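Because the structure is a prediction, the values reported are computed rather than measured. Hydrogens, waters and symmetry mates play no part in the numbers below; they use all other heavy atoms, side chains included.
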Amino acid sequence: MAAGISQIATAQTGAGTYTGSYSGADHGSMTLSIDQNGAVSCSLSSAAGNGKYTGKGGVVSQSPLVFSCRNGDFPNYLSLTGSGTAGGTLTGQYIIAPTATDRLQGNFTVSASGSGGGTTSQLDPKAITGLWYDPAYNGTGFNFLMTDANFIATYYGRNSSGGLLWLISTEAPSAPLQTGTEYALTLGATTSGTFSTPAYQMANWGHLNITFTSCTTAKATLNGLDGVQYLNLQRLGNVGGVGACQ
C-alpha cells in the first residue's frame with residue numbers, strides 16, 4: 001500500500017527536473033525540481049549579470065499542477081508561482097529583488113527534462129544550419145548559421161507596430177552546441193543607412209534564449225523591445241545534401 005501511494009503521488013505532482021528560461025525585467029536560465037513528496041526547489045541564473053537566485057517551496061495543487069517557490073532573504077529574494085502539465089511544460093511569474101528596493105519581475109517557461117537520467121548530444125553544425133520557425137507564428141522565423149567558431153542567428157518578423165523587424169545576433173555562443181543546454185544570444189538591429197548607402201550602426205534590441213531538443217526542434221524565448229514570445233521551433237529547411245541529423 002505504501003508503495004502504491006508513493007507511485008500515485010509521483011504521478012500527480014510531476015516529480016522530476018524541469019529546465020528552461022525566464023524573461024522580463026531580467027532574463028536567464030531556470031531549473032525547477034519537484035520531488036516525490038511535492039517539495040519544490042528552484043534556481044534562476046541571470047544572463048544579464050544579476051546573479052543567481054534559489055528558493056524552496058511546494059506543490060499547492062495536484063490537478064492542475066500548481067506550485068510556488070520562495071526565498072525571503074535579501075539580497076537573494078525570490079518569489080515565483082506557476083502551473084502547467086505534470087511531466088510537460090510549466091509556466092508562471094517570478095519576482096527577484098537584488099536589494100530591498102529593487103524589484104525585477106517577468107515570466108518563465110520550463111519543460112520536463114526527466115529526473116536526472118537525461119543525456120545531451122553534440123549538434124552537427126550542418127544539421128542545424130538553415131531556416132527555423134514556430135508554426136504558431138507563421139510568417140516570421142529565423143536563419144541559423146553554425147560556423148567553425150560561432151552560432152549566428154538572424155530573425156525576420158514584425159515589430160509591435162506592424163513594421164518589419166530584422167535582428168541579428170551580436171553576441172553568440174561558440175561552437176560546438178549541445179542538446180539540452182540553454183544558450184543566450186544578444187540581438188541587435190541596424191538604425192541607420194539606406195538601400196544605396198548602407199551603414200553598420202547597431203542598437204541593442206534584446207535576447208534570444210534557445211535550447212535545442214534535437215537537431216530539428218528547439219524551445220526558445222524571444223525577449224526585447226517589442227515584447228516576449230515563447231517559441232516551439234522546428235527546422236523548416238536545411239542545407240542541401242545534409243541528412244536529418246548529419
Please lay out, stage by stage, how L222 and W205 fare under the test side chain to side chain contact (heavy atoms under 4.5 Å, CB included).
CA-CA 10 Å; L222 188 62; W205 179 87; 3.9 Å; yes
Check: I152 main-chain N/O paired with N150 side-chain donor or acceptor under 3.5 Å
no
Without swapping roles, check the side chain of T140 against the backbone of Y137 for a donor-acceptor pair under 3.5 Å.
yes
Atom pair CG/CZ of L231 and F142 - distance to nearest 0.5 Å:
5.5 Å
Distance, nearest 0.5 Å, that separates CG of L177 from SG of C215
12.5 Å
Sequence neighbours left out, cut at 3.5 Å: what donor-acceptor pairs do the side chains of residues 101-109 make with other protein atoms?
from: T101; atom 1: OG1; to: T99; atom 2: OG1; distance (Å): 3.3
from: D102; atom 1: OD2; to: T99; atom 2: OG1; distance (Å): 3.0

Any chance you could measure M146, atom CE, to I128, atom CD1, to the nearest 0.5 Å?
6.0 Å
Would you find a donor on one side and an acceptor on the other, under 3.5 Å apart, between the side chain of T17 and the backbone of S33?
no
In terms of side-chain heavy atoms, does D226 have a donor or acceptor partner in S160 at a distance below 3.5 Å?
yes
Is the backbone of S46 close enough, under 3.5 Å, to the side chain of Y22 for a donor and an acceptor to pair up by distance?
yes
Are L233 and F212 linked, directly or through intermediate hydrophobic residues, by side-chain heavy-atom contacts shorter than 4.5 Å (ILVMFWY only)?
yes
Tell me whether R235 contacts the main-chain N or O of A127 through its side chain, where contact means a donor paired with an acceptor under 3.5 Å.
yes
Just wondering, do T181 and T211 contact through their side chains at under 4.5 Å, heavy atoms?
no
Worked check of side chain to side chain contact (heavy atoms under 4.5 Å, CB included) between T191 and M202
CA-CA 6 Å; T191 58; M202 301 291 291; over 6 Å; no
Measuring from atom OG1 of T213 to atom CD of Q234, what distance do you get when rounded to the nearest 0.5 angstrom?
10.5 Å
How long is the straight-line distance from CG of L187 back to CG of N204, given to the nearest 0.5 Å?
8.0 Å
Decide if the gap between the ring center of Y155 and the ring center of W132 is smaller than 6.0 angstrom.
no
Quick check: does any side chain N or O of D35 sit under 3.5 Å from a backbone N or O of N37, one acting as donor and the other as acceptor?
yes
Identify whether L208 and Y230 are in the same connected component of the hydrophobic contact network (ILVMFWY, side-chain heavy atoms under 4.5 Å).
no
Short side-chain to backbone donor-acceptor contact, S214 and T216, under 3.5 Å:
yes
Linked, directly or transitively: V40 and Y94 (ILVMFWY side chains, under 4.5 Å)
yes
Going by heavy atoms in the side chains, are V110 and M30 under 4.5 Å from each other?
yes
Distance, nearest 0.5 Å, that separates OG of S29 from CD of E182:
5.0 Å
If you apply the rule ring pair (Phe, Tyr, Trp, His ring centres under 6.0 Å), what do you find for F144 with F151, and how did you get there?
CA-CA 7 Å; F144 292 155; F151 174 65; 5.1 Å; yes
Backbone N or O of L65 within a donor-acceptor pair of the S61 side chain at under 3.5 Å?
no
Any K219 side-chain heavy atom under 4.5 Å of N232 side chain:
yes
Do L131 and L165 belong to the same hydrophobic cluster, where Ile, Leu, Val, Met, Phe, Trp and Tyr are linked whenever their side-chain heavy atoms lie under 4.5 Å apart, directly or via other members?
no
Distance-only criterion, 3.5 Å: show the donor-acceptor pairs between side-chain atoms of residues 66-85 and protein atoms not counting sequence neighbours.
from: N71; atom 1: OD1; to: D73; atom 2: N; distance (Å): 3.1
from: N71; atom 1: ND2; to: T54; atom 2: O; distance (Å): 3.1

If only side-chain N and O atoms count, and only distance matters, is there a donor-acceptor pair under 3.5 Å linking D26 with N50?
yes
Check the side chains of N143 and T154 for a donor-acceptor pair under 3.5 angstrom, ignoring hydrogens and angles.
no
Under the criterion side chain to side chain contact (heavy atoms under 4.5 Å, CB included), which of T221, N223, L44 is the partner of H27?
N223
Keeping Y183 on the side-chain end and Q178 on the backbone end, is there a donor-acceptor pair under 3.5 Å?
yes
